[in-house]
Amino acid sequence: QVQLVESGGGLVQAGGSLRLSCAISGRTFSTNAMGWFRQAPGKEREFVAGINSSGGNADYADSVKGRFTISRDNAKNTIKLQMNYLGPEDTAVYYCAVRSYAGTSIPRVGTFYHYWGQGTQVTVSS
């Protein structure tokens, strides 16, 4: 059974940093894109960042570009999200996800991802 478990969320002051991790078990996904999404209260889930299977290409939402960095370690079956210069607008539950099938593209739509973690809360105080 595939499981994705996020960690690293918490409360941080504006301007601070957090690093989220997602540990994947049950199967390896070295040929699948992976991503991070977030959902703030009262808002729809949105794409944050994605990374291709090799880790050589990444995509970011405009709102986080230049502040967030996604990475993956296929040997350890993990993905991470380094978040710097956090602001209150980044407050949300963050989810890691694995694309449903192998491919080179990095989808921004959540329906292309089959496996999801349970989420980790990130709260940024002003």
query = Which pair of heavy atoms, one from F47 and one from P107, lies closest together, and at what distance?
reply = CE1-O, 3.7 Å
ask   = Any side-chain donor-acceptor pair under 3.5 Å between R99 and S105?
value = yes
query = Under 6.0 Å from the CZ atom of R19, do we count more than 12 heavy atoms belonging to anything else shown?
reply = no
note = Shortest non-hydrogen pair, G110 vs R45, comes out as CA-NH2, 3.8 Å
message = If the condition is side chain to side chain contact (heavy atoms under 4.5 Å, CB included), which residues does E89 pass it with, not counting sequence neighbours?
response = none
request  = Apply the test side-chain contact (heavy atoms from CB on, under 4.5 Å) to residues D90 and M83: give CA-CA distance (whole Å), side-chain angles for both, the deciding distance (0.1 Å), then the verdict.
outcome  = CA-CA 9 Å; D90 296 314; M83 305 186 295; over 6 Å; no
request  = Return the minimal non-hydrogen interatomic distance between D59 and I106, and the atom names on each side.
outcome  = N-CD1, 4.1 Å
ask   = Tell me, do T91 and Q121 make a side-chain contact under 4.5 Å, heavy atoms counted?
value = yes
key: Nearest non-hydrogen partners of N32 and Y101, listed with the distance   = ND2-C, 3.4 Å
key: Flag, side chain of Y95 to backbone of E6, donor-acceptor distance under 3.5 Å   = no
ask   = For atom CZ of F112, is the number of surrounding heavy atoms from other residues, nucleotides or ligands below 6.0 Å larger than 12?
value = no
task = Go through the steps to decide whether Y60 and I70 satisfy the test side-chain contact (heavy atoms from CB on, under 4.5 Å), and finish with yes or no.
result = CA-CA 9 Å; Y60 298 92; I70 187 172; 3.4 Å; yes
task = Using the side-chain contact (heavy atoms from CB on, under 4.5 Å) rule, take R27 and V98 through it: C-alpha gap first, then chi angles, then the decisive distance, then the call.
result = CA-CA 11 Å; R27 209 189 111 176; V98 178; over 6 Å; no
ask   = Between S100 and H114, is there a donor-acceptor pair closer than 3.5 Å when you use the side chain of the first and the backbone of the second?
value = yes
inquiry  = Per the disulfide bond (SG atoms under 2.5 Å apart) rule, what does the pair list look like for residues 66-126, sequence neighbours excluded?
reply    = C22-C96
request  = Find the distance between CZ (R38) and CZ (F68) and round it off to the nearest 0.5 Å.
outcome  = 5.5 Å
request  = Kindly say whether S54 contributes a backbone atom to a donor-acceptor pair with the side chain of N74 at under 3.5 angstrom?
outcome  = no
request  = Look up atom CG in L4 and atom CD in Q118, then write down how far apart they are to the nearest 0.5 Å.
outcome  = 8.5 Å
note = Scanning both residues in full, the closest heavy-atom pair of S126 with A14 reads CA-CB, 4.3 Å
task = Output the distance between atom CG (L20) and atom NZ (K80), rounded to the nearest 0.5 Å.
result = 10.0 Å
task = Answer yes or no: is there a donor N or O on one side and an acceptor on the other, between the side chain of R72 and the main chain of N52, under 3.5 Å?
result = yes
key: Separation between OG1 of T78 and CD1 of I24, rounded to the nearest 0.5 Å   = 7.5 Å
query = From L18 CG over to N84 CG, what is the distance, rounded to the nearest 0.5 angstrom?
reply = 9.5 Å
Value rounded to 0.5 Å, distance of OH in Y115 from CE in M34 = 11.0 Å
message = Suppose we screen for side-chain hydrogen bond (donor to acceptor under 3.5 Å, both in side chains). Which residues come up paired with Q39, at least two apart in sequence or across chains?
response = none
